[in-house]
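Note sheet for the following structure.
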Amino acid sequence: MPSVPAEVPKSAAGDRTAVRAALLGWYDAHRRTLVWRAGPGAAPPDPYRVWLSEIMLQQTTTAHATPYFEAFTRRWPTVSDLAAAEDADVMAAWAGLGYYARARNLLACARAVARDHGGVFPDTEAGLLALPGVGAYTAAAVAAIAFGRPANVVDGNVERVTARLFAVETPLPAAKPELKRLAGSLVTDERPGDWAQALMDLGATVCRPGRPLCERCPLTAWCAAFQSGRPERYPLKTKKADRPHRTGMAWVLRDDQGRIGLVRRPDKGLLGGMLGLPTSDWAAAPVETAPPVPANWRETGSVEHVFTHFALTLQVRAGQGGGDFIWLPEAEALASLPTVFRKALERGLAG
DNA sequence: GATTCGTGGGC
DNA sequence: TGCCCAAGAAT
């Protein structure tokens, strides 16, 4: 009598059609409601809104991006409106969202679409990829979601879901090509935008980094990580380098009308293109630096701020005076500054 | 392939 | 508290 195992483990590789049906069915029942999304079964969403949301969502949570998306689409309803905006207005509107190169590229992209494409987004992955600030992920996402192209949309969620589904033992980031190939093996021309968003919704709400909610997952029957008993082990990652610490000085200068003296930072580098307080260089050890203008400077304490690749302590000094600065009222300055300078300004005003 | 580039929330 | 991480892109 032939011995047949009672339960033969299924695999996603051998059952692609069933995996797709299970996840798309789950998506139809459990998809997230997000402000940039069209409703279930609705016509494909406006490419401008898809693109804008994708740029804002790069390395950014949906909760953080949502109010910015609402503000941008209210103020600049079309890509042509955005293309015609002033640089300073767009940078100020982006303040607090982080990764400010995105805002500079956002404007460059809007202007390229307006100037080179008649205000209409390219509808192919290759055409989108040629735009400023649009990389492999964003090109694929816009092509799939806005234009129904069967693109292989691979973000951090898709990498995690795929690593678990196939129990990939190679650690990130070395595993990226393998994960992309495996994710691509599940893409078809059926509902490409929904497929991409289904994978991302699953990754965000069920197949989470820390404690995956496998009891709610529609794919456990095919999931090698689930079958291993330790799904949270995936994806494996190589250890990150320690975060160094830097220190520096920031000056809060007020004129006789109570306005704040600001500088425009150079386009390249940290906080590029944004307004900022005048500061010293930031180094591992304190560097004695002359203040930007003579004044009766007083110590007002310090603020801590953590960037992606270093932590910063900023000593804040406040004083009264004038000079060659960009002078903004307090409220406008607070609203236009990146967070590290908003914190320093608040410290200087309180002291 | 490795670095640079923000911020805020969760645990 | 410190670490992880979030719909990555550019260099």
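A note on names: the letters A, B, ... follow the listed sequences, proteins ahead of strands, and every chain is numbered from 1. Computed from a prediction, not measured in an experiment: that's the story for all the values here.
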inquiry  = Let's see if you get this right: which residues in residues 144-167 of chain A place a heavy atom under 4.0 Å from DNA chain C?
reply    =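 Output list: A/D155, A/G156, A/N157, A/R160.
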message = What residues from residues 25-35 of chain A pass a heavy-atom cutoff of under 4.0 Å to DNA chain C?
response =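 Nucleic-acid contacts, sorted: A/R32, A/L34.
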[X] [atom1] - [N] [atom2] separation (whole Å):
X      : N     : atom1 : atom2 : answer
A/Y137 : C/dA6 : OH    : P     : 13 Å
A/E54  : C/dA6 : CD    : C1'   : 13 Å
A/L128 : C/dG8 : CG    : P     : 17 Å
A/I55  : C/dA9 : CD1   : C1'   : 9 Å
A/K240 : C/dC4 : NZ    : P     : 6 Å
A/K237 : C/dC5 : NZ    : C1'   : 7 Å

At under 4.0 Å between heavy atoms, what does [X] touch on the DNA or RNA strands: base, sugar-phosphate, or nothing?
X      : answer
A/A65  : nothing
A/T138 : sugar-phosphate
A/W36  : base

[M] and [N], which share atom name [atom1], separated by this distance in whole Å:
N      : M     : atom1 : result
B/dG1  : C/dA9 : C1'   : 15 Å
C/dA10 : B/dG8 : C1'   : 24 Å
C/dA6  : B/dG6 : C1'   : 12 Å
B/dT3  : C/dA7 : P     : 24 Å

task = Dump the intermediate steps for salt bridge (charged side-chain N to carboxylate O under 4.0 Å, His left out) on A/D123 and A/R149, then the final yes or no.
result = CA-CA 8 Å; A/D123 65 355; A/R149 305 273 187 184; 3.5 Å; yes
task = Measure from the side-chain N and O atoms of A/D201 to the backbone N and O of A/R32, and report whether any donor-acceptor pair falls under 3.5 Å.
result =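 The answer is yes, because a donor-acceptor pair under 3.5 Å joins these two groups.
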query = So, the side chain of A/Q320 versus the backbone of A/D255: is there a donor-acceptor pair under 3.5 Å, distance only?
reply = yes
message = Show, in sequence, the C-alpha distance, side-chain angles and deciding distance for A/E346 and A/R342, and conclude whether the salt bridge (charged side-chain N to carboxylate O under 4.0 Å, His left out) test is met.
response = CA-CA 6 Å; A/E346 286 170 342; A/R342 180 179 56 72; 3.4 Å; yes
Spacing of CZ belonging to A/F72 relative to OH belonging to A/Y48, to within rounding of 0.5 Å =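 Taking CZ in A/F72 and OH in A/Y48, the distance rounds to 8.0 Å.
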key: Approximate separation, where rounding is to 0.5 Å, of A/H64 NE2 and A/M56 CE   =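 Nearest 0.5 Å value for the NE2-CE distance: 10.0 Å.
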query = Any idea which of C/dA7, C/dA10, C/dG8 is nearest the A/R37 side chain?
reply = C/dA7
inquiry  = Students often mix this up, so state it plainly: with edges at 30° and 60°, are the rings of A/H30 and A/W26 parallel, tilted or perpendicular?
reply    =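 If you compare the ring of A/H30 with that of A/W26, the planes turn out tilted.
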task = Please confirm whether A/R246 makes a cation-pi placement over A/F310, using NZ or CZ under 6.0 Å from the six-membered ring centre and within 45° of the ring normal.
result = yes
Flag the pair [X] and [Y] as a salt bridge only when some basic side-chain nitrogen lies within less than 4.0 angstrom of an acidic carboxylate oxygen.
X      : Y      : value
A/R164 : A/E232 : no
A/E190 : A/R20  : yes
A/R264 : A/D87  : no

request  = Return yes when atom CD of A/E299 has more than 12 non-hydrogen atoms of other residues, nucleotides or ligands closer than 6.0 Å, and no otherwise.
outcome  =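 Yes.
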key: Annotated protein contacts, base or backbone, on nucleotides 1-11 of chain B with a non-hydrogen cut-off under 4.0 Å, one of B, S, - each   = ---SBBBS---
